[in-house]
Structures are given as C-alpha cells and as structure tokens.
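To start, the structure itself, in structure tokens.
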Protein chains: 2
Amino acid sequence: MKQLFHPEIEDVLPADVFAALGDPIRLGILVSLADCDEVDKARCGAFTELASPSLLSYHFAKLREAGITRSRAEGTVRFLSIRREEFERRFPGLLDSVIETARRDPSVPRIKLDV
Amino acid sequence: MKQLFHPEIEDVLPADVFAALGDPIRLGILVSLADCDEVDKARCGAFTELASPSLLSYHFAKLREAGITRSRAEGTVRFLSIRREEFERRFPGLLDSVIETARRDPSVPRIKLDV
DNA sequence: CCCATGATTCAACAATCATTGAAATTGTCG
DNA sequence: CGACAATTTCAATGATTGTTGAATCATGGG
C-alpha cells in the first residue's frame, strides 16, 4: 500500500494552511469532517456529493499536505480525519474558529456523514 | 480621486478570506497592521520592506477585496487599516486567531510601523 | 503651472490551480 | 486467478496567481 505524505506539524506554515482553506470544496470537506459524529470514521468515498472522485482526491491531498487532515488506509477504503491535537498544539485556537466560521456560512457546502 | 472598491462585509465569503490570507506577504501586512500602536495611521508607503510598491499595491487590493482591510486616501497618501468591528461581526473570533497565528510564526515577515 | 511624491494600473510572464476524464493502483472476494 | 470497488495518478485544459518594470494618475508645494 502506497503511503501518502503527511508533513511534520512543525513544518506547516500559516500561509500554506490558509491557502489550503481558500477553497469552498475544501472548507466543505473540513466542516463535514468536523460535524461527523464518530471521529476517524469518515470514508473518502462518502464525499462524492461535493465533487468527482478524482477532484476529491486532489482536494484531500491539499488538505493533507497543509497538515490539516490525515488519511488512513484500511483495506481498499481510506478514512479521513482532522489532525486535531497536533494542529491545536501548532496553531492554538485556529482550527476551532476556522471551522466555526465555515460552519456558520451557507456558501460552504456540506454533507451528512453517516458512520 | 479614484475610489477603491470595498465589498459589503455581508458579501464576503469565508473561502475568499482564507485565499487572501494564503500568502506570506499579505500575512505580514496584516500582523504589522495589527501590531501598529495607532489605529488607522499606517501609510501604505511604510510597507516597502515587504515588497516593491507595485506588488504591495496588488497585495493591498487582495486584502481589501476580501473585506479584511480598508484603504483611505488623504491627499497623496493612503492609509490602511483592518476592518475590525465589521469583520468581527461577520466572522466572530476569526481575525483574532488568524492574527495570533501569524504573529507567532517566524515565517511571516513584519515591519515596525512608527506612526 | 510644473515638478516631485505616493500610489495604482497595465502588460507581460512563468507558475500554480481547479477541473475533467481516462488510466493505473491496490486490496477484496468469489 | 480474475473481476470488482475504492482511490489515486496522469495528462490536458483554461483560469488565476504572484511578480516585475514601465507607465499612469493624482495631489500638494514651489
């Protein structure tokens, strides 16, 4: 199984984080993840309402490379989760207000992840 | 005098805000503004350490069009300020954690604005 | 009225981005 | 093994971005 690149959280730069957040689809992925009841149980394939599979894969990579999310493979399925603790340590308080901002805004698409 | 465009704060979208923040020079402008002792007294010309005049103008426009800053002309000089209250009303808590994030990080350039 | 100053605009460029659809990959199950 | 399902990768595209330097536009002062 090919291992996807996850940056060390210390190497993540603020500008890269914000650039990764500067897209409605990626914000949609993020709030959907944040609103998911069960942590670390969100399948990549559950996001198809937001975009085509290949485009989703592109956006997943952007979020992952910006240190925001983690992708974990389990068999043929991949699970996506927010790097909560690490990110909180690196940028205290940031992710909460980002998620709250995105959550409140109707321009951000979102899906219901039934786990 | 040509009037620069400032969006209504209600029209500003989260993704546009984050896209505007996704550049180190613009983050540098923002933290320098935030750390300026006197509000609304920062001349555009005081930022030349961060970039050339024309590039600065480009980045000022990005921040302005994202609803983050306001540009005010006074004679031949322009002053730049953060749209604090409006922005806080539109996206509560966001700007503070963004500024704090940028302020803490050494990758974000900054200048001392002596007013 | 001309000139210097502060700042924006414009034209050009390479680089990156978002998007699409087809192809390759990886693991599962019969 | 071989078909299938879930994802990623690749190649191609048009659009947007960051940057540069030259040109332009105000405004205030001699």
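The sequence lines fix the lettering, A, B, ..., with proteins before strands; numbering per chain opens at 1. None of the values given here were measured: they were computed from a predicted structure.
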Task: Minimum-distance pair of heavy atoms, taken over all atoms of B:Asp105 and B:Arg110 - done: O-NH2, 2.8 Å
Open item on the list: Just verifying a value: how many Å separate A:Thr101 OG1 and B:Leu13 CG, rounded to the nearest 0.5 Å?
Closed with: 12.5 Å
Task: Interatomic distance where NZ belongs to A:Lys62 and P belongs to C:dA18 [whole Å] - done: 5 Å
Open item on the list: Between P on C:dT19 and CZ on A:Phe60, what's the gap in Å once rounded to a whole number?
Closed with: 13 Å
Task: B:Asp23 CG - C:dA15 C1' separation (whole Å) - done: 14 Å
Task: Between D:dG18 (C1') and B:Leu55 (CG): distance, integer Å - done: 7 Å
- [ ] Name the nucleic acid region contacted by A:Arg64, choosing base, sugar-phosphate or nothing; use a 4.0 angstrom heavy-atom cut-off, strictly under.
- [x] nothing
Open item on the list: Measuring to OP1 and OP2 of D:dT8, would you say a side-chain N or O of A:Arg78 lies under 4.0 angstrom away?
Closed with: yes
TODO: Would you mind classifying the nucleic acid contact of A:Ile25 as base, sugar-phosphate or nothing, using non-hydrogen atoms under 4.0 angstrom?
DONE: sugar-phosphate
Open item on the list: How many whole angstroms separate atom CZ of A:Phe5 from atom P of D:dT7?
Closed with: 22 Å
- [ ] Between B:Pro53 and A:Ser54, name the one whose nearest nucleotide on DNA chain C is closer to the 5' end.
- [x] B:Pro53
Task: Short side-chain N/O contact from A:His59 to OP1 or OP2 of C:dT19, under 4.0 Å - done: yes
- [ ] Starting at atom CG of B:Leu4, determine the distance to atom P of D:dC25, rounded to an integer number of angstrom.
- [x] 16 Å
- [ ] Would you check if the side chain of B:Arg78 reaches a backbone N or O of B:Ser71 as a donor-acceptor pair within less than 3.5 Å?
- [x] no
TODO: Measure the distance from CG on B:Leu63 to P on D:dT17 and round it to the nearest whole Å.
DONE: 13 Å
Task: Separation between CG of B:Leu21 and CG of A:Leu21, rounded to the nearest 0.5 Å - done: 9.0 Å
- [ ] If the plane angle is over 60° it's perpendicular, under 30° parallel, otherwise tilted; pick one for A:Phe60 and A:Phe47.
- [x] perpendicular
Open item on the list: For a quick check of understanding: with a heavy-atom distance under 4.0 Å over all strands, which category does A:Tyr58 fall into, base, sugar-phosphate or nothing?
Closed with: base
Open item on the list: Does a side-chain N or O of A:Arg26 approach OP1 or OP2 of C:dA18 to a distance below 4.0 Å, or not?
Closed with: yes
- [ ] Tell me whether the OP1 or OP2 atom of C:dG6 has a side-chain N or O from B:Thr76 closer than 4.0 Å.
- [x] no
Open item on the list: What is the separation between atom CD on A:Glu65 and atom C1' on D:dT9, rounded to the nearest whole Å?
Closed with: 13 Å
